[in-house]
There are 2 protein chains.
Amino acid sequence: MDRDDADSTTPDRPRISDATLRQFTGYTMKRAFNVVQADVNAVLEEFGLRMVTYSALAIVGDNPGLSQSQLAQALAIERPNLVVIVDELEGRDLVSRDRVPTDRRTYALQLTSEGARLLARATEAVRRHEARITEGLNAEEEAILVSALKKIEATDIRRS
Amino acid sequence: MDRDDADSTTPDRPRISDATLRQFTGYTMKRAFNVVQADVNAVLEEFGLRMVTYSALAIVGDNPGLSQSQLAQALAIERPNLVVIVDELEGRDLVSRDRVPTDRRTYALQLTSEGARLLARATEAVRRHEARITEGLNAEEEAILVSALKKIEATDIRRS
DNA sequence: TATTGTTATACTCTATAACTATA
DNA sequence: TATAGTTATAGAGTATAACAATA
């Protein structure tokens, strides 16, 4: 991809403006998150993980014994889609599905020792990715960024 | 429900923790953006638009006469995928594809008057959505939020 | 030889209905 | 009757290769 410069071979449109979209914080959130997502996916690929499989490991690690329905809700994905994710993690011996005697419909999910080890290594790599992404921010800026994002996340969306 | 609860409204499942993921600003960015995206998509649906078709209208409006390749680059999508988007917008008479005499390979994209009208109405609705989303933030918080996001967006990602 | 727009295609992600086995 | 997990499937979204027309 060649960059546009002030060369006469470029007809009349050297730079594309996104002024209308730039007035919106949500647009800037999307552009910033695209950069974060590309970098974190590259980091996780070294562990054979994607954002969703890493997140699943982290949630199972924080909540040993939870059910697939609970994990699906925590990841905000539909139950049918979670099945293949847990299949993959179980097939790689990172997560175990244990039957629950008190309710034989549900599985209790747990990290295997290998899953715990991979999660720990991946979490360290994601920490380094985070440091890279936020290196231009001082502590106060990052604190306000996080608190502002949490307020947006907590917005009570009302439909008209 | 057959278990005796201290609170009758409290479900019998414990709260799921996302403590490991919450240490990451990128995770909070994703959670916040999910809320923004759901709301803006609901807003745009009333105009028969999605985020990508609204963005395309906005970019064409800001850059009349640009080519499909330039629009694809501005939207960060591949050229083949843009074709169906422009097909849709052209089929609804929101955008016109005009032949360029100086380079007959390219199309000059422009809003039709109906496209300009729809863009203006949708932009007003998105402004109201933005006000809803950021209503918990004061001016300083929002300014720091935007500047922090722009710094993240500008992060120079280096691959090892 | 390179570029614009296009077709075809494939792979991922996501969403819904319906099934089974349990409760 | 309801719930957990599952299967099948369909719709988006996204990516690459290759082609015709044009430069």
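Bear in mind that the values here come from a model prediction, so they are computed numbers and not experimental data.
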Item to complete: Could you check B:Val52 against A:Arg105 and say which one's nearest nucleotide on DNA chain D is further toward the 5' end?
Response: A:Arg105
Discussion item. Does C:dT3 have OP1 or OP2 under 4.0 Å away from a side-chain N or O of B:Thr106?
Written reply: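 Indeed not, no polar side-chain atom of B:Thr106 lies that close.
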Practice prompt. Output yes when at least one side-chain N/O atom of A:Gln70 is less than 4.0 Å from OP1 or OP2 of D:dA4, else no.
Written response: no
Item to complete: With the side chain of B:Ile77 defined as its heavy atoms from C-beta on, choose the nearest nucleotide among D:dT14, C:dG5, C:dT14.
Response: D:dT14
Worksheet, complete the sentence: Of the candidates C:dG5, C:dA23, D:dG13, the side chain of B:Arg50 sits closest to D:dG13
Practice prompt. Tell me what A:Arg79 touches on the nucleic acid: a base, only sugar-phosphate, or nothing, going by heavy atoms under 4.0 Å.
Written response: base
Worksheet item: What does A:Glu78 touch in the nucleic acid at a heavy-atom separation under 4.0 angstrom: a base, only the sugar-phosphate, or nothing?
Response: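 Base contact.
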Worksheet item: So, A:Tyr107 and A:Ser96: side-chain donor and acceptor under 3.5 Å apart, yes or no?
Response: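 Absent: no donor and acceptor within the cut-off.
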Measure from [atom1] on [X] to [atom2] on [N] and round the result to the nearest Å.
X: B:Leu82; N: C:dG5; atom1: CG; atom2: C1'; result: 10 Å
X: B:Tyr107; N: D:dA21; atom1: OH; atom2: C1'; result: 10 Å
X: B:Asn81; N: D:dA17; atom1: CG; atom2: C1'; result: 13 Å
X: B:Gln37; N: C:dA15; atom1: CD; atom2: P; result: 10 Å
X: A:Asn34; N: D:dT14; atom1: CG; atom2: P; result: 9 Å
X: A:Gln68; N: C:dA21; atom1: CD; atom2: C1'; result: 14 Å

Worksheet item: Quick one: CG on A:Leu149 to CZ on B:Arg31, what's the gap to the nearest 0.5 Å?
Response: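 One gets 13.0 Å once the value is rounded to the nearest 0.5 Å.
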Discussion item. Which label fits A:Phe33 and B:Phe33: parallel for a plane angle under 30°, tilted from 30 to 60°, or perpendicular past 60°?
Written reply: parallel
Worksheet entry | Summary of salt bridge (Lys or Arg N to Asp or Glu O under 4.0 Å) pairs that have at least one residue in residues 17-26 of chain A, sequence neighbours excluded | A:Asp18-A:Arg22, A:Arg22-B:Glu153
Worksheet item: Which residue pairs pass the salt bridge (Lys or Arg N to Asp or Glu O under 4.0 Å) test with at least one member in residues 61-80 of chain A, sequence neighbours excluded?
Response: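 Output for this query is empty, none listed.
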Discussion item. Near DNA chain D, counting only heavy atoms under 4.0 Å, which residues of residues 83-103 of chain A show up?
Written reply: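 Output list: A:Val83, A:Arg97.
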Practice prompt. Without swapping roles, check the side chain of A:Glu88 against the backbone of A:Ile85 for a donor-acceptor pair under 3.5 Å.
Written response: no
Practice prompt. Salt-bridge test for B:Asp87 and B:Arg97: reply yes if a basic N is under 4.0 Å from a carboxylate O, no otherwise.
Written response: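 The answer is yes: the pair qualifies as a salt bridge.
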